[in-house]
J.: 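This is the structure I have questions about; it appears just below.
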Protein chains: 2
Amino acid sequence: MTTLAEVARKAGVTAATVSNVLRERGKVSVETRERVLAAVRELGYRPNLTARALAEGQPQTVALMVSSIANPFYPAFALAVERAVRKLGYFLIVCNTNDDPEQERAYLDAVAGSLARGVLVMNADFVQIDELVKLRERGVPVVLCMWEKPDQPPPLPSVAVDFFRAGMIAAEHLVKLGHRRIGVVMGSELSGNHIWRYRGFLEGLKRAGLELPEGHTVFGHDTIDAGRNAGHALLAAVPDLTAVFASNDLPALGVLQAAAEVGLDVPGDLSVIGITDIALAHQVRPALTTVAVPIDESAELAVELITQMIRETGTPGGQPPLREASVPRLVVRASTGRASKAAAGAK
Amino acid sequence: MTTLAEVARKAGVTAATVSNVLRERGKVSVETRERVLAAVRELGYRPNLTARALAEGQPQTVALMVSSIANPFYPAFALAVERAVRKLGYFLIVCNTNDDPEQERAYLDAVAGSLARGVLVMNADFVQIDELVKLRERGVPVVLCMWEKPDQPPPLPSVAVDFFRAGMIAAEHLVKLGHRRIGVVMGSELSGNHIWRYRGFLEGLKRAGLELPEGHTVFGHDTIDAGRNAGHALLAAVPDLTAVFASNDLPALGVLQAAAEVGLDVPGDLSVIGITDIALAHQVRPALTTVAVPIDESAELAVELITQMIRETGTPGGQPPLREASVPRLVVRASTGRASKAAAGAK
DNA sequence: GTGAAAGCGCTAACAA
DNA sequence: TTGTTAGCGCTTTCAC
């Protein structure tokens, strides 16, 4: 590896001057500048980023914590984050916790040890928030990329996404299509991350004068398989359902499969709606109707927040800022339709 | 940030001793050990990884170059890579080139500047291999994660996946089902990355005494949309096709959509087969029959290779090693079936 | 405009 | 067993 010193020697100057040339600090005569640049080229010199980071006191990386890279929600978000972060001159370090608190701790420790200049946390649910707060207190910029608890102010700078509203929108859509016998497949436990989507959905029904009967909700996990299982359970328990709301796209996709497997036509016999609008949603057939959440925008807001924090160098002070991403919006595709006459009559 | 020195002062020892305690170098009395550990805890000390990397002369990160994080092929592979890499004590840096040579260069420069200890390149197609070779010559471990050109020895340590064979397998499957009028949708140009899959497919047909007529192949891109367009074009040009082979799952999915859009039943009227077996393949309906490529295994082999290179510290020397991943295998799902009588008769 | 010198926080001989 | 002494490669005052 060529070093600054070698370049300097070759150019007949000192390291300081080479550094000045490279950082474009001005104060260098055109002539030596040329000489230095030539030497750099000849030697194929690349500045050692580690050394630079040490000298500058800050690494040039930003970390993104996710519970699983394999989560299909990840790609779009990560892409936006990566782009935004690069624009600031940082590199992205992916911290894949696999929902394992130990791994999570390991990463957080590393970040505290200046692995990264700041941390973006994609899904704050799986993370022990306390750990993040501690990290913040140590002076590391931390931002929660998707805060979905409108009842609590976030303990850290966050981007809020109105999932309550998303739930309401889903309910309104189904109601407007004439559905009355509706089931719900949850991608989390009742106390879990999706609670506000559930509440929003309930609220939407309530405003239409409807209630969700006991036994019309199945709680589970945020996966296609869990959704399929939940779908089967729900359809078996309440056979005359005309619509199912899933708290996330993945389980909604599972419900789609379950419906197909028991010979139900979607949307003829059953309508299905999800939340998020991951890429998959429009790639499956029937394409999934869903309430799209502003993924890219959230990523950008999150990066904006962290940029600010990085610039402001310290002093948290006061209530952590909360940026609101725009309101989720309904994306009607092929998986929802009017409640069938038969089913409507059956009510 | 607490530093080693502060911990040392607090514990009444020197930095070297603290370092020894932390690295578990032995040679420390139990008593001082305790004292040091106590100080570490009290001060909430975390070693500065940047400084450590600089002192050790090597960063603790490995880079993964991909053309797009959003490529659905990425998740499974990245997950495997991340795990393997972490097991070695490294962090993963994701380098998303967006198919942009400039970004790619920027990343490669950074890596050369010791951003990372080594580079895994997921898809060597988009990358100017020369740049990678240069990097290797500078002493940076580089491995190509999916070498699909059996006719050329790779210029860098690589993991070979037999896509020629995958193509053959696809052909055999279709032939066995009685298909004779077959179309091909390519996810690359003829000269592109998928060429060997194409050749393999042709070879498979040939062995069955079949040929692919002119105009039965459409070249395009490795996306669902491109696949859909190609599918439409193909079905319009050769209406009596009974099967389509796509060189990758994404375009195969697109063909599935095209078929649905023109009212063709899959697999009743048309069979569709892809290559890779990305997660999506079994999540869509009809589930996609495909030739599964050993993704996880390739990732593991690639990491093994790079580990070796890291350990062997330099001296490339001789033909770069080539690890063979296991043979692709057919995964029959719902998108392929026997050639319909009518169509077979039409021949 | 350029150089000399100190130091970022840690590791790694070597001495004591 | 512990301390001392040098750096790792770069940035950054501060003189010249």
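Note on naming: letters A, B, ... go to the chains in the order of the sequence lines (proteins, then strands), and numbering restarts at 1 for each one.
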J.: For the side chain of B:T2 and the backbone of B:L43, is there at least one donor-acceptor N/O pair under 3.5 Å apart?
T.: yes
J.: If you look at every strand shown and take non-hydrogen atoms under 4.0 Å, does B:S29 touch a base, only sugar-phosphate, or nothing?
T.: sugar-phosphate
J.: Ignoring backbone atoms, test whether B:T32 places a side-chain nitrogen or oxygen under 4.0 Å from the OP1 or OP2 oxygen of D:dT1.
T.: no
J.: Is the closest side-chain heavy-atom distance between A:V133 and A:L156 below 4.5 Å?
T.: yes
J.: Test A:L64 against every option in A:I93, A:V121, A:L92, A:N96 by the side chain to side chain contact (heavy atoms under 4.5 Å, CB included) rule and name the one that passes.
T.: A:L92
J.: By the 4.0 Å heavy-atom rule, please label A:G113 as base, sugar-phosphate, or nothing.
T.: nothing
J.: Report yes or no: does A:R35 contribute a side-chain atom to a donor-acceptor pair with the main-chain N or O of A:A11 at less than 3.5 Å?
T.: yes
J.: Does NZ or CZ of A:R117 come closer than 6.0 Å to the centre of the six-membered ring of A:F91, within 45° of the ring's axis?
T.: no
J.: Between B:S326 and B:E297, do the side chains contain a donor N or O and an acceptor N or O under 3.5 Å apart?
T.: yes
J.: Can you give one letter per nucleotide of nucleotides 5-16 of chain D, going 5' to 3': B for a protein heavy atom under 4.0 Å from the base, S for sugar-phosphate only, - for none?
T.: --BBBBBB----
J.: Considering only NZ, NE, NH1 and NH2 on the basic side and carboxylate oxygens on the acidic side, decide whether B:E56 and B:R23 come within less than 4.0 Å.
T.: yes
J.: Which atoms form the tightest heavy-atom contact between A:C145 and A:L120, and what is the distance?
T.: SG-CB, 3.9 Å
J.: First contact, last contact: which nucleotides of DNA chain C are these for chain A, 5' to 3', heavy-atom distance under 4.0 Å?
T.: C:dG1 to C:dG9
